[in-house]
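Each chain gets a letter, A, B and so on, in the order the sequences are listed, and its residues count up from 1. Worth knowing before you read on, the calculation uses all heavy atoms, side chains too, and leaves out hydrogens, waters and symmetry mates.
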Amino acid sequence: MVARKVLLSSLASTGYIDEAYCLFEEMAEKGWKSNLKTCNILINALGKAGKSKLAWQVFLFMEDVGSNPNVVTYATLIDVLFKVGNVDEALQLFEQMKEKGCEPDVVTYTTLIDGLCKVGQVDEAEKLFSQMIDAGVSGNAITYTSLIRGLGKCGEVDRAGKVFQAMLAAGCKPDVVTFNVLLDVLCKSDRLNEALKLFSDMKKKGTADLVSYNTVLMGLHRARRVREAYKISEEMTRKGFVPD
RNA sequence: UUCGAGUUU
């Protein structure tokens with residue numbers, strides 16, 4: 001039995017997900033217990049493998065194996081549901097977790113905000129952001145970046161800029177991903193020169209990475225600024241980056 | 001001390 005438990009967690013975290021699921025189900029049917037962490041890892045692994053139905057099954061079996069879903073369980077499954085396009089179920093699960101008295105944390109809110117943005121529901125995403133603040137949960141760099149990207153993708157560049165300002169005002173420090181998203185938004189909204197300005201600042205600070213380079217490279221090509229694009233790709237090779 | 005969330009193509 002102990003051996004099985006060890007086997008289950010290692011299977012779940014090494015990619016043998018079908019095997020892990022079968023073992024989990026067998027254990028559940030025999031009334032054996034599983035760790036909460038193991039269940040969460042399994043739900044995540046199944047989701048990442050596109051097996052959202054099995055991820056749900058694990059969730060449903062959790063009671064039987066003596067583990068109550070926690071905030072990680074809910075956030076993980078909500079993310080899985082969004083990623084397979086089950087927006088309604090994801091939102092229902094969010095309601096369910098609150099009904100059960102499980103307090104959503106930043107990751108939970110961020111998962112929802114990102115998921116809503118990715119299906120184009122940016123207004124809903126912004127509402128949720130306000131709800132999060134009202135609930136006394138502060139956004140982090142990932143939360144703000146998700147919202148900025150979503151708004152930018154919808155052509156709401158000014159709103160995206162406002163969120164960035166709000167991020168700074170809230171004392172939340174933008175990271176490389178935030179800046180890369182900003183680069184992309186600017187590149188794709190006829191504000192390439194602003195993107196280039198930001199990019200040179202990033203290079204000065206030494207924070208430009210492969211994604212920053214690729215993003216700017218694409219932006220320059222889109223704008224038919226071939227010579228500058230060529231210079232950037234040369235610069236990339238010099239720095240050891242491989243352009244796409 | 002890594003069970004969950006964000007970026008280009």
Pairs flagged by salt bridge (Lys or Arg N to Asp or Glu O under 4.0 Å) wherever residues 129-155 of chain A is involved - sequence neighbours left out: A:Lys153-A:Asp184
Here's a test for you: under side-chain hydrogen bond (donor to acceptor under 3.5 Å, both in side chains), which of A:Asp209, A:Thr207, A:Asp175 qualifies with A:Asn180? A:Asp209
If the test is side-chain hydrogen bond (donor to acceptor under 3.5 Å, both in side chains), which one of A:Asp105, A:Thr143, A:Thr145, A:Asp79 qualifies with A:Thr110? A:Thr143
Base versus backbone protein contacts along nucleotides 3-9 of chain B [heavy-atom cut-off under 4.0 Å; B, S, -]: BBBBBBB
Run the numbers on A:Leu77 and A:Thr73 for side chain to side chain contact (heavy atoms under 4.5 Å, CB included), then give the verdict. CA-CA 6 Å; A:Leu77 191 52; A:Thr73 316; 5.6 Å; no
Centre-to-centre under 6.0 Å for A:Tyr144 and A:Phe129, is that the case here? yes
